Structures are given as C-alpha cells and as structure tokens.
Enquirer: 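My structure is below; once you've seen it, I'll send some questions.
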Number of protein chains: 2
Amino acid sequence: MEHRPAADRPREHALSSSLLARVFHQPSLLYFNAVATHLSIREAARRLDVASSAVTRQVAQLEDALGIALFLREKRRLRLSPAGEILFRHSRRLVAPMEAAVSEIELLRGVRAGSVRIAAAESVGLSFLPILLTEFGKRYPRLTLDVAIIPSAEVVERLVDERIDIGFGFIAKPPRQVDVAFRRDVSIGALMSPDHPLATVQHLTMAQCLDHPLAVGKPEISIREVIEPFLKSSANITPPLVEVSSIRLLVELALGGHYVSIMTPIGAQNEIASGRLVFRPLQDGGVPTNRFGILVRAGSSLHLAPAIFYEHAKAYFENLSLPGAV
Amino acid sequence: MEHRPAADRPREHALSSSLLARVFHQPSLLYFNAVATHLSIREAARRLDVASSAVTRQVAQLEDALGIALFLREKRRLRLSPAGEILFRHSRRLVAPMEAAVSEIELLRGVRAGSVRIAAAESVGLSFLPILLTEFGKRYPRLTLDVAIIPSAEVVERLVDERIDIGFGFIAKPPRQVDVAFRRDVSIGALMSPDHPLATVQHLTMAQCLDHPLAVGKPEISIREVIEPFLKSSANITPPLVEVSSIRLLVELALGGHYVSIMTPIGAQNEIASGRLVFRPLQDGGVPTNRFGILVRAGSSLHLAPAIFYEHAKAYFENLSLPGAV
DNA sequence: TCCGTTGTTGCCGTTTCGGCAGCATAATGC
DNA sequence: GCATTATGCTGCCGAAACGGCAACAACGGA
C-alpha cells in the first residue's frame, strides 16, 4: 500500500483538519495525540488509517526524543503517564493556530467564500473607508463586502440587531452590547473658506461663530448631539442657520464661502490639505471631542471573514493620522 | 553528511528550541518559518545547518500543499506573500505550547530542577497541605518545596514581599497586590467535646457560647479578626477565656472537655469525623464566614515550578470537600 | 565586465515511514 | 476450562521523504 504524500489531493478543495495536521506536524505527535485520545494503539491506527505498528513506532520514537514514557502500559491497556498528560494538554493548543491560518489562506485563495457586512458614518465612510475597502477587496477577491453609509446612531442599532458585523462611527457612549475596539477622539471646529472673516482668527470660539451664518448637522448626525449644548448656551440670538443631513453638504456649504460649517475635519481633509478650506478647532472651554470608533458586538466573536476584515481595519486606522485626532 | 535523527543526542540534557521544533513540526513548516524570518533561502539554510536546496524544496512542498505561494520571488529577493504573512503570524503560536510541554516534562523527569516557596496558615497547612505536598513531591522528585506554617496575615506579607510564591490562608479582603485564585467561604462555629452541655444545642449562638469557658485565637489568627465584633457585642461579662496562637492547641483544648473553641472545622476534621469532637456552626445573624484562598501575587506570572504546583493545588482543592465550606 | 551571491534543479545516497506477517499475552464468551 | 478475539510489539522489507553535491541562470555591486 503506497504512502500518501501531502500534496496528493486536489488543491482546489479546503484542507480537512486531519490533512492539515499532517502538513504541519510530525507523525509522531499526531499519532501520540490519537493514542492519547483513544487510549488504544489499535483504535488510533484505525482512525488514522495506518497500521498499528506505525503508531507503536512513532510513539516510541517520541518517547525516546523526550526521554520519558508517555503511556503506562498496564498489561494490554494504556494509560497516559504524567508526562503524556502534560504533552497532551499542551498539544491541544496547536490546532487553533493552524486551522486559523489555513482558513484565512483559503479565504485569500478564494476557495472559501464569505461576506462582511459593514456600516459607516458618512464622514468616515466616504473618506477613509474606500481606501481600506479597496485594499482589502484586492487581497480577498472572493469576499463580498456589504457596505452601508448611515448615521452613527443607526450604525449602533444595526450592530445590536446583528444586521451588520462591523461599524465605523462616532459614538460617545456606546450601549453595553457594543464594544469600541479602536477609538480616537477628534476635535470639533469650524470649517470655512480661506477668505472668510473667521479664517484668520487664531483662538476661535462658538460665540464668534454665532456672529456668522452657520451650517450644522441635523440631530441624527452625531456631531450635532455633541455641540447642541454649546449652540444653546452661547447665543441669545440664533444666527442664520442651515441644518443638513449630509457631511458632504456641510463641506460644500463651507466651500461656498458664506457659511461656517461646524464639524470635525474628517470628510474635508482633501479640501483642507489643498488649502481650499480652513479648519479651526473651537477653543471654548468644555467643548467635547467627537469620539470615532470601530464598533463590534460585545461578547460574541466574529466569524472568519469579518474577523479578518476587522484586523485589517484596526491596523489601517492605527497607522492613519486621523485628522483632528487629539 | 549524514542525516541527524531526532533521537541522536543525549537525552539527559534539556531540549533546545530548535531540537524540539524538529521533534514536533514538519521540516517544511520549520524551514518556512526560517525563510520568513530571514527573507533568504540561503541565510535560512545556514541558520538551520542544511543545504539551501533542502529549504527550497520544503518551502515549495508547503506551497503545493496549501495551493498558494508563500513568498513573492522578485528577481532574487524574497518577500512574504499575503498567504505567507498569514501562516507566519499564526505559526508563532506554536512555539509556546511545545516549549511549555517540554519544560514541564523535563521538570517531571528531573533534568530540570526548580523550587516552590509555599506558606500556609496552620489549619490548612497541617491538615490538607501535607497530602498535596506528598502527591506533588512524588510526581516531581527534583523539585524543592520550601514550606512555612505561619499566620494568614504573614502569608500575605510574604507574598507581597516576594519571599514566597504561593500562599494558603484565610483572608477576607486581600490587598490589591494579591490575587485569590481559588476561594471558599468556611463557616465559623464552636468545637467541643460530645459531652459538653452545648453539644446537643441545635441552633447555637455566640451568646450561648459565652456562658461557657472559651478558647479563641490570638489577634494574629485570622478567625479572631472575624469574630472579634461578636465577642464584644454579645457579652457584657467576659467569660473565662484563653487566647492561643495555635489552631492545634484550640483542638486540644476542646478535646479536654472544659473549653469551647471558636474556629472553623478545618484542623479538626479527623476528630470530628471520628466523633471525638463536635462542631456546631454559629447561627447568629450576621456572623461572617472565614474566607480560605490560594493566594498568588497579582499581575505577575509564576515561574514554571510554582505554576505547575499552583495548577496541582487548584485541582486538589477543587476536588476536595473542604469541611465547613458553604 | 567581472565576481560574488542568489534561488532553483538534476541526481543520488541515506533515513524515515509504514505495511505485512507473526509473536506473546490478556480478555471475553461459551 | 477452552477457544476465540483482541491487544501491543518486533522483524523485515519496499516506498517515500529528506537532504547533500554539483551545476545552472540570473542579479547586483564594484
């Protein structure tokens, strides 16, 4: 009966646990584990589909290498020796890394498919996420990415309802069903054209802003919730005010030169970098920041595809200089 | 040049990392890891002390098995491919389990020595610990066990000062430098001879006890701290009282028939089981229990020998019906 | 242009793996 | 009590795997 080489199987199919064990681990360890599981050379040999003599020899070889018996031979019954118990207990930890590696590689190769359901607040969803999605999509072409651009509050809702796997948004105080796996506090300020009167003010306050027409987010935009107390407490007279539901529209209104848009710099970093817009953080005491985070459900682990995406996203944002981050 | 079999080295010596890797893992994974580390077939071959052709072939075989390239060959430079990065990252987790297993086995075999410094409160130290120490000592004959029988408060002190590795004692509220890894609340009561007048009282109170001569622990015995408020609040008249610094002496005084000893049943379980003494838990509302625990230093991991002893101790006490445990 | 280095391939000898046959012994069933 | 079945182990052998040597093509640096 011929020996079965590791490559002797169609590579288009996923590797089974037993095959990938043979790829990575010495037969002596594999056969030891089988014997430790069944406490029988013959039963282990049947499960491994090899001759019992092969199992006996491999175990003996491992005992020689370690210099101690791994089994107590009691007449014709086997018991794990103390050393065998130690090795058996520790070798259980070899399974997960190799299965994870192979699963992830199969996802990479496309022999395994999957999907990731993502939601993001618009400012991040239209600025930084596209680059991440592009890089990720190139690497994992067989993965389906399902992306929604929605307000932060709805990102949280969909996470809790398990309609999405990962969220990107601004949330100061997440509910307990949600973990913030990566967080950055981002400063809030005023966005305006360079020739706006406030553009040259170094220590800008909300009161100064209120002397000019303002563009702010509607209540469902997370920034609004944060700045609302300052809007109310800083003004007896409401300035000309426009409320919008799109960060992009805030940027466009600022570009028009008439309005000062109250927001974080996220979503306008290209215009700021090019000099077409100016961002001035608000210097009022007590103005909070807006808290950006990568959101996942608390207490439950992600499936493979979302988990891989999550690691990529985390690394991506950790290496990113998020504009306005304190 | 001949092949070096795994058994070809003196077994009396500890296994090096590279040798134990060869014992457990396929050469293809080993060589892959070396190449991934050095990003050079030739450099990896030098470090592994094999021919570069062997390394090239083993990596190729692994690539065949997984169905994907693990390296990008750029002219004559290698870079890890995405799949290679995945495998490399996951395979790092194979090292610790095998090194831990071999270290522990070497401790078992006695080729590696070590010591465990232990301190225990007398009640546990003279009752349950000897069995544990005996079992453990038989299994690990080359380990030195350094055991002190001291009051619980001093157990905690020595832990914090790093003069011991593991403590067994009673402590209601450990300092933050100490973790209680295993805990049981043990009831406090009265120990007396069977013909003592209180022996037949079913719902015994401290007040009833105070009508009789009492034996209690000195302030350094942990029980005393717990019962002190009840001694003070239950009596206007102090009964004849003897204070001792030894649990064993409390047991002996109870055996004498004259005194009622206030303690937990731990330290007297043999006398109680044989009927020579009777234990009655105090039924007063609000009488706390005495908290027994296995104590380790918070925030720092144990060295190998103490870690192994700790696992044994934990398993031992988990399977033990500690007398008086609630 | 020359030299040193890289990764790879062909060929070959040695080592390892595992199957077959058989052994001694223990356990089970009648 | 005996026959049968099952166990773990050993001798022998063929196939597969490992790894060394020699040589190659190609790249990079002086």
Side-chain angles (χ1 to χ4, degrees), chain A residues 1-9 18-19 21-65 69-81 84, chain B residues 1-9 18-19 21-65 69-81 84:
Chain A
M1 187 190 298
E2 73 211 89
H3 195 21
R4 294 182 204 84
D8 186 21
R9 88 236 152 266
S18 60
L19 270 175
R22 267 201 182 276
V23 167
F24 297 125
H25 310 307
Q26 290 282 21
S28 59
L29 185 62
L30 296 182
Y31 296 1
F32 160 75
N33 277 323
V35 176
T37 300
H38 301 292
L39 293 177
S40 162
I41 299 277
R42 296 242 174 180
E43 182 57 29
R46 278 190 288 273
R47 300 301 182 102
L48 292 162
D49 195 26
V50 297
S52 62
S53 51
V55 176
T56 294
R57 288 198 174 91
Q58 288 291 348
V59 169
Q61 194 183 318
L62 189 51
E63 288 175 320
D64 281 345
L70 299 172
F71 294 99
L72 302 173
R73 275 83 167 176
E74 295 174 342
K75 296 206 165 75
R76 63 174 207 187
R77 273 185 157 69
L78 295 178
R79 276 210 294 124
L80 267 176
S81 68
Chain B
M1 187 190 300
E2 74 213 87
H3 196 19
R4 293 182 203 87
D8 185 21
R9 90 238 150 264
S18 60
L19 270 175
R22 268 200 181 277
V23 167
F24 296 125
H25 309 307
Q26 290 283 22
S28 59
L29 185 62
L30 296 183
Y31 297 0
F32 161 76
N33 277 323
V35 177
T37 299
H38 302 292
L39 293 177
S40 163
I41 300 273
R42 295 238 174 183
E43 183 55 28
R46 279 190 286 274
R47 300 301 183 104
L48 292 161
D49 195 25
V50 297
S52 59
S53 49
V55 177
T56 293
R57 289 196 175 92
Q58 289 291 349
V59 168
Q61 194 182 317
L62 190 51
E63 288 176 320
D64 282 344
L70 298 172
F71 296 99
L72 301 173
R73 276 84 167 175
E74 295 173 346
K75 298 206 161 84
R76 63 177 206 181
R77 275 187 156 66
L78 295 178
R79 277 211 294 124
L80 266 176
S81 69

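The model shown is predicted, which means the values in this text are computed figures rather than measured ones. Residue numbers begin at 1 in each chain, while the letters A, B, ... track the order of the sequences.
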Enquirer: Do A:L62 and A:Y31 touch side chain to side chain, with heavy atoms closer than 4.5 Å?
Expert: no
Enquirer: For the pair made of CD in A:Q58 and C1' in C:dT15, what is the distance, rounded to whole Å?
Expert: 13 Å
Enquirer: List for me each residue that meets side-chain contact (heavy atoms from CB on, under 4.5 Å) alongside A:S53, sequence neighbours excluded, and say none if there are none.
Expert: A:A51, A:R57
Enquirer: Holding to side-chain contact (heavy atoms from CB on, under 4.5 Å), I want the full list of residues that pass it with B:R42, two or more places apart in sequence or in another chain.
Expert: B:S40, B:R46, B:S52
Enquirer: Nearest 0.5 angstrom please: A:H25 NE2 to A:L30 CG, how far?
Expert: 6.5 Å
Enquirer: Could you state the atom-to-atom distance from CG of B:L72 to P of C:dG7 in whole Å?
Expert: 14 Å
Enquirer: Please work out which residues in residues 24-38 of chain B have a non-hydrogen atom less than 4.0 Å from an atom of DNA chain D and list them by number.
Expert: B:P27, B:Y31
Enquirer: What one-letter contact string describes nucleotides 22-30 of chain D from 5' to 3', where B marks a base within less than 4.0 Å of any protein heavy atom, S marks contact via sugar-phosphate atoms alone, and - marks no contact?
Expert: -----BS--
Enquirer: On a plain distance test, is the side chain of A:R57 in donor-acceptor contact with the base of D:dG11 below 3.5 Å?
Expert: yes
Enquirer: Is there a side-chain contact between B:L39 and B:R77 in this structure, where contact means two heavy atoms from C-beta onward sitting under 4.5 Å apart?
Expert: no
Enquirer: Considering all heavy atoms of both residues, which atom of A:H38 and which atom of A:A44 are nearest to each other, and what is their separation?
Expert: CD2-CA, 4.2 Å
Enquirer: Report for the helix from C:dT1-D:dA30 to C:dC30-D:dG1: angle between first-end and last-end helix axes, five pairs each, rounded to 10 degrees.
Expert: 40°
Enquirer: Please report, rounded to the nearest Å, how far the C1' atom of C:dT25 is from the CG atom of A:L78.
Expert: 14 Å
Enquirer: Indicate whether OP1 or OP2 belonging to D:dT7 is found under 4.0 Å from a side-chain N or O atom of A:R73.
Expert: no
Enquirer: Quick one: list whatever passes side-chain contact (heavy atoms from CB on, under 4.5 Å) with B:L78, sequence neighbours left out.
Expert: B:V35, B:I41, B:F71, B:R73
Enquirer: Not counting sequence neighbours, which residues clear side chain to side chain donor-acceptor pair (under 3.5 Å) with A:R79? List them please.
Expert: A:E74
Enquirer: Do A:Q26 and B:V23 make a side-chain contact, defined as non-hydrogen atoms from C-beta onward lying under 4.5 Å apart?
Expert: no
Enquirer: Remember a base hit wins even if backbone is also touched, and classify A:R46 as base, sugar-phosphate or nothing at under 4.0 Å, heavy atoms.
Expert: sugar-phosphate
Enquirer: I need the CD-C1' distance between B:Q61 and D:dC18, as an integer number of Å.
Expert: 9 Å
Enquirer: For B:L62 and D:dA17, give me the distance from atom CG to atom P, rounded to whole Å.
Expert: 15 Å
Enquirer: Between B:S81 and B:A69, is there a donor-acceptor pair closer than 3.5 Å when you use the side chain of the first and the backbone of the second?
Expert: yes
Enquirer: Give the nucleotide from the list D:dG20, D:dG8, C:dG18 with an atom nearest to the side chain of A:R22.
Expert: C:dG18
Enquirer: Which of the following nucleotides, C:dG19, D:dG19, D:dG8, is nearest to the side chain of B:A54?
Expert: D:dG19
Enquirer: Side chains of B:L48 and B:V55, heavy atoms from C-beta outward: is any pair under 4.5 Å?
Expert: yes
Enquirer: Taking salt bridge (Lys or Arg N to Asp or Glu O under 4.0 Å) as the definition, give me every residue that meets it alongside B:R47, ordered by chain and number, with sequence neighbours left out.
Expert: B:E43
Enquirer: Does a side-chain N or O of A:T56 approach OP1 or OP2 of D:dC9 to a distance below 4.0 Å, or not?
Expert: yes
Enquirer: In whole angstrom, give the distance that lies between atom CG of A:D49 and atom P of C:dG18.
Expert: 11 Å
